[in-house]
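Positions are given from 1 along the sequence. The figures that follow rest on heavy atoms only: side chains count, while hydrogens, waters and symmetry mates do not.
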Amino acid sequence: MVHQECIKCKTSYGIDEIVYFCKKCGDILEVKFDQKELLEKISGTDWKTSPLSVWRYRDLMPIHETTKVVTLNEGGTGLHRAQRLGSELGLSNLYIKNEGENPTGSFKDRGMTVGVTKAVELGARHVICASTGNTSASLAAYAARAGIKCTVLIPSGKIAYGKLSQAMIHGAKVLQVKGNFDEALEFVLKLAEKHKTIYLLNSINPFRIEGQKSLGYEICEQLNNEAPDRIIVPVGNAGNISAIWKGLKEFYQLGLIKKLPKMTGIQAVGSAPIVQAIKTDCDKIIPVENPETVATAIRIGAPVSWKKAVNAIRESHGTAETVTDEEILNSQKLLAQIEGIFVEPASAASIAGLNKLIKRGIILEDERVVCVTTGHGLKDPDTAVKMSEKPIEVDAEMTAIEEALGLRNKVSILAQ
């Protein structure tokens with residue numbers, strides 16, 4: 001039977017019980033299914049005839065009333081064969097899973113469609129989150145769709161305007177906390193605990209993870225029911241890499257794929273507690289007190305889902321790596337100019353990490369690799385403008401335009 005379960009002590013909680021931490025040991029929870037029941041359930045449906053989307057997998061989601069689904073048609077994002085980029089980096093079989101194609105422009109929509117649906121199912125009329133940007137944008141949109149109140153807490157002065165504008169226009173109550181994301185999350189947790197009418201939808205909520213696991217399902221289906229050799233994911237609060245691994249394991253246990261990939265997590269140098277734990281073979285992370293990186297979406301020093309992420313990397317025999325801001329921005333530009341895919345800086349961390357691991361000989365030339373890019377480039381347009389060639393102002397004359405394009409001499413020679 002489906003239930004919530006503590007990842008440490010295995011204490012069980014009902015699927016309709018509002019609980020964010022284990023009451024016995026204080027650790028985080030995950031949704032658990034009976035695999036036999038799941039197999040019987042999907043065997044009796046025609047789920048594979050539905051369009052590729054999060055709700056294609058409704059039989060694998062912990063929702064009772066599918067008539068209450070809150071959706072903006074999320075999921076079904078492109079898996080792009082990146083031949084030119086692969087050739088540039090020395091990889092023959094590279095794919096980009098571009099989550100910027102989701103309704104609000106990030107992978108967060110996968111989790112929010114299920115999380116907000118669960119909130120409605122539970123009778124919640126007020127949802128809340130702490131956010132570095134994308135979570136607030138997504139929650140605000142889905143709350144608006146559901147017709148319920150939304151509050152978001154963001155770090156003061158440390159959020160890209162593309163994301164902030166989304167939360168604001170969708171009608172969320174936006175509070176800028178004078179501190180970092182981790183401090184904002186502490187307040188959100190306290191508010192949800194003190195005021196039971198407020199439903200928390202950060203990735204600590206296991207129903208968010210249930211939606212995000214569909215990313216793993218889709219990758220396999222888009223590769224003709226096969227898992228790749230490796231999936232590379234930018235890591236901030238660590239919910240996404242954990243969710244993808246959960247989805248992959250479920251597909252494997254259901255016999256829908258025959259192997260599992262290596263999960264590879266990438267963090268920015270200034271915000272890398274999970275990478276540090278992996279590289280030192282430590283069972284705990286050391287939080288980064290003042291995380292810093294241009295990739296604001298992964299600027300998180302104390303990720304709440306770190307234990308799930310570490311487990312995913314170790315169980316899959318994967319690895320973790322850090323990248324500098326310079327490597328991130330160079331990769332963002334490389335992806336845009338070689339493959340035509342414009343992503344925000346945090347998304348480009350997966351490409352930067354790929355490049356680094358290829359050069360170190362950890363990723364081999366013949367591996368089939370999927371890099372997950374988590375958010376659209378228009379989430380943070382200021383960064384893109386700052387590192388790009390500035391527009392050239394010219395007079396409204398053909399000769400001036402030709403000169404600016406370096407065509408004037410050629411035109412003159414041809415005219416002679």
*Asks:* With a 4.5 Å heavy-atom cut-off, do T197 and R125 have their side chains touching?
*Replies:*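 T197 does not reach R125 side chain to side chain.
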*Asks:* Have E17 and H3 got a donor and an acceptor in their side chains that come within less than 3.5 Å?
*Replies:*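 Not at all, the side chains of E17 and H3 share no donor-acceptor pair under 3.5 Å.
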*Asks:* With a 4.0 Å cut-off, would you call E30 and K10 a salt bridge?
*Replies:*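 Salt bridge: no.
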*Asks:* Between R56 and E218, is the closest basic N to carboxylate O distance under 4.0 Å?
*Replies:*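 Here E218 does not pair with R56 in a salt bridge, since their nearest N and O are not under 4.0 Å apart.
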*Asks:* Other residues, nucleotides and ligands only: do more than 12 of their heavy atoms fall within 6.0 Å of NZ on K259?
*Replies:*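 Atom NZ in K259 is packed in, count exceeds 12.
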*Asks:* Please determine if K178 and E183 form a salt bridge, counting it only when a charged side-chain N lies under 4.0 Å from a carboxylate O.
*Replies:*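 Between E183 and K178 there is no salt bridge, as every charged N stays at least 4.0 Å from the carboxylate O atoms.
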*Asks:* Do the non-hydrogen side-chain atoms of L164 and I154 ever get within less than 4.5 Å of each other?
*Replies:*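 They are in contact (side-chain heavy atoms under 4.5 Å apart), so the answer is yes.
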*Asks:* I'd like to know whether CD of Q35 has more than 12 heavy-atom contacts from other residues, nucleotides or ligands below 6.0 angstrom.
*Replies:*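 More than 12 heavy atoms, drawn from other residues, nucleotides or ligands, come within 6.0 Å of this atom.
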*Asks:* Looking at I286, I want to see if its CD1 is surrounded by more than 12 non-hydrogen atoms of other residues, nucleotides or ligands under 6.0 Å.
*Replies:*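 No, the 6.0 Å shell around CD1 holds no more than 12 heavy atoms from other groups.
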*Asks:* Can you name the salt bridge (Lys or Arg N to Asp or Glu O under 4.0 Å) partners of D16, sequence neighbours left out?
*Replies:*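 Here the qualifying residues are K118.
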*Asks:* In this structure, are over 12 heavy atoms from other groups packed under 6.0 Å from Y20 atom OH?
*Replies:*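 Enclosed: over 12 neighbouring heavy atoms sit under 6.0 Å from OH of Y20.
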*Asks:* Going by the rule side-chain hydrogen bond (donor to acceptor under 3.5 Å, both in side chains), which residues pair with T383 if we only count those two or more places apart in sequence or in a different chain?
*Replies:*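 In terms of side-chain hydrogen bond (donor to acceptor under 3.5 Å, both in side chains), with neighbours along the sequence ignored, T383 is linked to D380.
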*Asks:* Check whether more than 12 heavy atoms from other residues, nucleotides or ligands sit under 6.0 Å from atom NZ of K24, and answer yes or no.
*Replies:*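 Open: at most 12 neighbouring heavy atoms sit under 6.0 Å from NZ of K24.
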*Asks:* Does D229 reach the side chain of K262, with side-chain heavy atoms less than 4.5 Å apart?
*Replies:*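 No. Closest side-chain heavy atoms not under 4.5 Å.
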*Asks:* Does the side chain of V310 reach to within under 4.5 Å of the side chain of I274, using non-hydrogen atoms?
*Replies:*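 Contact flag for V310/I274 side chains = yes.
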*Asks:* Mind checking whether I18 and Y13 have side chains closer than 4.5 Å, heavy atoms only?
*Replies:*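 Answer no - side chains too far apart.
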*Asks:* Side-chain contact test, heavy atoms from C-beta onward, threshold under 4.5 Å: evaluate it for P62 versus F207 and give yes or no.
*Replies:*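 Yes. Closest side-chain heavy atoms under 4.5 Å.
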*Asks:* Flag yes if more than 12 heavy atoms outside R58 fall under 6.0 Å of its CZ atom; otherwise flag no.
*Replies:*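 More than 12 heavy atoms, drawn from other residues, nucleotides or ligands, come within 6.0 Å of this atom.
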*Asks:* Among L215, L260, L256, find the residue that satisfies the side-chain contact (heavy atoms from CB on, under 4.5 Å) test when tested with L248.
*Replies:*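 Looking at L215, L260, L256, the match for L248 under the side-chain contact (heavy atoms from CB on, under 4.5 Å) is L260.
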*Asks:* Would the distance check show the side chain of N93 and the main-chain N or O of E367 forming a donor-acceptor pair, the cut-off being under 3.5 Å?
*Replies:*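 Answer holds: no.
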*Asks:* Only counting residues at least two apart or in another chain, list the ones meeting salt bridge (Lys or Arg N to Asp or Glu O under 4.0 Å) with D34.
*Replies:*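 If we apply the salt bridge (Lys or Arg N to Asp or Glu O under 4.0 Å) test to D34, skipping adjacent residues, there are no hits.
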*Asks:* Kindly write out the residues that satisfy side-chain hydrogen bond (donor to acceptor under 3.5 Å, both in side chains) with K246, not counting sequence neighbours, or none if the list is empty.
*Replies:*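 In terms of side-chain hydrogen bond (donor to acceptor under 3.5 Å, both in side chains), with neighbours along the sequence ignored, K246 is linked to E210, E250.
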*Asks:* Is there a side-chain contact between T132 and I159 in this structure, where contact means two heavy atoms from C-beta onward sitting under 4.5 Å apart?
*Replies:*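 Heavy-atom side-chain distance check fails, nothing below 4.5 Å.
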*Asks:* Would K308 and D27 pass as an ion pair if we require N to O under 4.0 Å?
*Replies:*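 D27 and K308: not salt-bridged.
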*Asks:* Does CG belonging to L405 count more than 12 external heavy atoms closer than 6.0 Å?
*Replies:*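 Counting neighbours around CG of L405, more than 12 heavy atoms of other residues, nucleotides or ligands fall under 6.0 Å, so yes.
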*Asks:* Verify the neighbour count for atom NZ of K149: are there more than 12 heavy atoms of other residues, nucleotides or ligands below 6.0 Å?
*Replies:*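 Counting other residues, nucleotides and ligands, NZ of K149 stays at 12 neighbours or fewer.
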*Asks:* Sorted by first residue and then second, give each side-chain hydrogen bond (donor to acceptor under 3.5 Å, both in side chains) pair with at least one member in residues 266-278; sequence neighbours left out.
*Replies:*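 Every candidate side-chain hydrogen bond (donor to acceptor under 3.5 Å, both in side chains) pair involving residues 266-278 fails, so no pair, neighbours aside, qualifies.
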*Asks:* Going by an N to O cut-off under 4.0 Å, is there a salt bridge joining D281 and R314?
*Replies:*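 Salt bridge between D281 and R314, a charged N being under 4.0 Å from a carboxylate O: yes.
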*Asks:* Do R299 and T293 have side-chain atoms, one donor and one acceptor, less than 3.5 Å apart?
*Replies:*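 No, T293 and R299 have no side-chain donor paired with an acceptor closer than 3.5 Å.
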*Asks:* Do the ring planes of W47 and Y57 sit parallel (below 30°), tilted (30 to 60°) or perpendicular (above 60°)?
*Replies:*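 If you compare the ring of W47 with that of Y57, the planes turn out tilted.
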*Asks:* Using a strict 4.0 Å threshold on nitrogen-to-oxygen distance, state whether E74 and R110 make a salt bridge.
*Replies:*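 No salt bridge links E74 with R110.
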*Asks:* Does E99 come within less than 4.0 Å of K108, counting only side-chain N to carboxylate O?
*Replies:*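 Salt bridge flag = no for K108 with E99.
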*Asks:* I'd like to check D366 versus L91 (side-chain heavy atoms, cut-off strictly below 4.5 Å). Are they in contact?
*Replies:*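 They are not in contact (no side-chain heavy atoms under 4.5 Å apart), so the answer is no.
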*Asks:* Can you list every ring pair (Phe, Tyr, Trp, His ring centres under 6.0 Å) pair that touches residues 221-279, not counting sequence neighbours?
*Replies:*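 Non-adjacent pairs meeting ring pair (Phe, Tyr, Trp, His ring centres under 6.0 Å): Y217-F251.
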